[in-house]
Amino acid sequence: KAFVDWLGKEEAVEYRLPTEAEWEYACRAGTTAMFNGGNTFDALDGIANVADQACKRIKGITQTAPFAAFDDGWQFTAPVGRFRPNGFGLLDMHGNVWEWCADWYDAEEYAKHQDAMVEDPRGPAEGSHRVVRGGSWYNVPRLCRTRYRGGVAPVNRNDYQGFRVLAVSSQR
């Protein structure tokens with residue numbers, strides 16, 4: 001939040017974190033598949049930095065599910081722009097780092113809206129965890145699916161979480 005506020009003042013543009021629904025819409029880029037590249041784990045090859053054969057070579061790292069069969073060449077976080085964009089031209093929507101969303105996390109949030117068409121549903125007004133989406137370099141493919149969601153306490157800091165910002169308006 002401090003960075004978003006600083007950036008807005010620096011560039012005279014209003015920025016914010018995406019809502020969870022905005023994040024998923026951007027990730028899907030008009031698709032309905034598990035990943036914006038298709039419905040198999042191999043669909044992530046070339047579009048995502050996930051726990052694959054490169055990650056498997058990290059000494060001491062283990063996973064409870066199989067590593068992806070491909071090798072993206074990055075054992076940890078990759079620089080932005082190393083993978084193909086999705087249909088909206090957005091990079092790194094799957095893997096690399098979990099992305100913070102503006103919404104507070106509620107494990108049952110989607111079930112609350114299953115019988116109604118809700119545009120940009122919001123999570124609870126408060127909570128102890130914020131929504132994170134997209135998975136990371138450390139996660140096996142099933143945790144990097146478009147619809148997979150997690151909740152992380154805002155005080156949590158590590159090398160597999162990050163954020164992307166939305167430009168709301170320009171004051172220039």
> About how many Å separate NE2 of H94 and SG of C144, when rounded to the nearest 0.5 Å?
8.5 Å

> Are Y25 and F88 an aromatic pair by the rule of ring centers under 6.0 Å?
yes

> Side chain of N49, backbone of F76: donor and acceptor closer than 3.5 Å?
yes

> Would you call K9-D5 a salt bridge at under 4.0 Å N-O?
no

> Does any part of the side chain of R145, heavy atoms only, come nearer than 4.5 Å to the side chain of F35, both counted from C-beta?
yes

> Any sub-3.5 Å donor-acceptor pair from R133's side-chain atoms to Y148's backbone N or O?
yes

> I'd like to know if the side chain of W137 reaches the main chain of D159, judged simply by a donor and an acceptor atom lying under 3.5 Å from each other, with no hydrogens or angles considered.
yes

> Could you tell me whether a side-chain N or O of N36 sits under 3.5 Å from a main-chain N or O of N86, the two making a donor and an acceptor?
no

> Taking D72's backbone N and O only, do any of them form a donor-acceptor pair with D52's side chain (distance below 3.5 Å, no angle check)?
yes

> Has D42 got a side-chain atom pairing as donor or acceptor with D45's backbone, closer than 3.5 angstrom?
no

> F163 and ring-ring contact (aromatic ring centres under 6.0 Å, His included): which partner among W100, Y15, F3?
F3

> Counting N and O atoms only, with roles assigned by atom type, does the side chain of R164 sit under 3.5 Å from a partner on the main chain of L91, one being a donor and the other an acceptor?
yes

> I'd like to know whether CZ of F70 has more than 12 heavy-atom contacts from other residues, nucleotides or ligands below 6.0 angstrom.
yes

> Could you tell me which residues satisfy side chain to side chain donor-acceptor pair (under 3.5 Å) with R142, sequence neighbours excluded, listed by chain and number?
none

> Please check: side-chain N/O of R157 versus main-chain N/O of P154, any donor-acceptor pairing under 3.5 Å?
yes

> List for me each residue that meets side chain to side chain donor-acceptor pair (under 3.5 Å) alongside R16, sequence neighbours excluded, and say none if there are none.
E22

> Is the side chain of N96 donor-acceptor paired with the backbone N or O of A78 at a distance under 3.5 Å, no angle test?
yes

> Evaluate the salt bridge (Lys or Arg N to Asp or Glu O under 4.0 Å) criterion for residues R57 and D71: first the C-alpha distance (whole Å), next the side-chain angles of each, then the deciding distance (0.1 Å), finally the verdict.
CA-CA 10 Å; R57 291 191 299 274; D71 185 331; 2.7 Å; yes

> For residues P124 and Y105, report the shortest heavy-atom separation together with the two atoms involved.
CG-O, 4.1 Å

> Check ring-ring contact (aromatic ring centres under 6.0 Å, His included) between W98 and all other residues, then give those that pass, not counting sequence neighbours.
none

> Do the ring planes of Y138 and Y160 sit parallel (below 30°), tilted (30 to 60°) or perpendicular (above 60°)?
parallel

> For the pair Q53 (side chain) and A68 (backbone), establish whether a donor and an acceptor sit closer than 3.5 Å, ignoring hydrogens and angles.
yes

> Just verifying a value: how many Å separate E14 CD and L166 CG, rounded to the nearest 0.5 Å?
10.5 Å

